[in-house]
Amino acid sequence: MGSDSFPRPGVLVTWSWGGETRQPVEVVGETPKRYRIRALHRTKIGGRDRWLERGDKAPVPKCAVRFE
């Protein structure tokens, strides 16, 4: 994936005891093992109480992002 393909729409998929949650995000960068995402609205990411507010950025594992 070249640097000219960002930003790119994607879906952040998280799993919990309640099932699978899919949240739209924007992928703005890439490292060998992670994507850097920007939240399009308040988004729950991994961890007990980790939330991203609209516009916040965070690295997430590549297996958690799907492009549809």
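Because the structure is predicted, anything quoted here is derived from the model rather than measured.
- Judged by distance alone, with hydrogens and angles left aside, the side-chain atoms of Gln23 form no donor-acceptor pair with the main-chain N or O of Val11 at under 3.5 Å.
- The two residues Trp15 and Arg66 come nearest to each other via the heavy atoms CZ2-NH2, 3.9 Å.
- Atoms CD and OG, on Glu30 and Ser5 in that order, are 7.5 Å from each other to the nearest 0.5 Å.
- Remark: Asp56 CG to Thr43 OG1 distance equals 9.0 Å, nearest 0.5 Å.
- With contacts defined as side-chain heavy-atom distances shorter than 4.5 Å, the pair Pro59/Lys33 does not qualify.
- Taking the six-membered ring wherever Trp is involved, the centroid distance between the rings of Phe6 and Tyr35 does not fall below 6.0 Å.
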Using side-chain contact (heavy atoms from CB on, under 4.5 Å), reason through Ile45 and Leu52 one step at a time and then give a plain yes or no.
CA-CA 7 Å; Ile45 61 174; Leu52 295 178; 4.0 Å; yes
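- Of the candidates Arg8, Arg38, Arg36, Lys57, Glu26 forms a salt bridge (charged side-chain N to carboxylate O under 4.0 Å, His left out) with just one, namely Arg38.
- Pairing each heavy atom of Lys62 with each of Pro32, the nearest pair is NZ-O, 3.4 Å.
- Val65 and Phe67 get closest at one heavy-atom pair: CG1-CZ, 4.0 Å.
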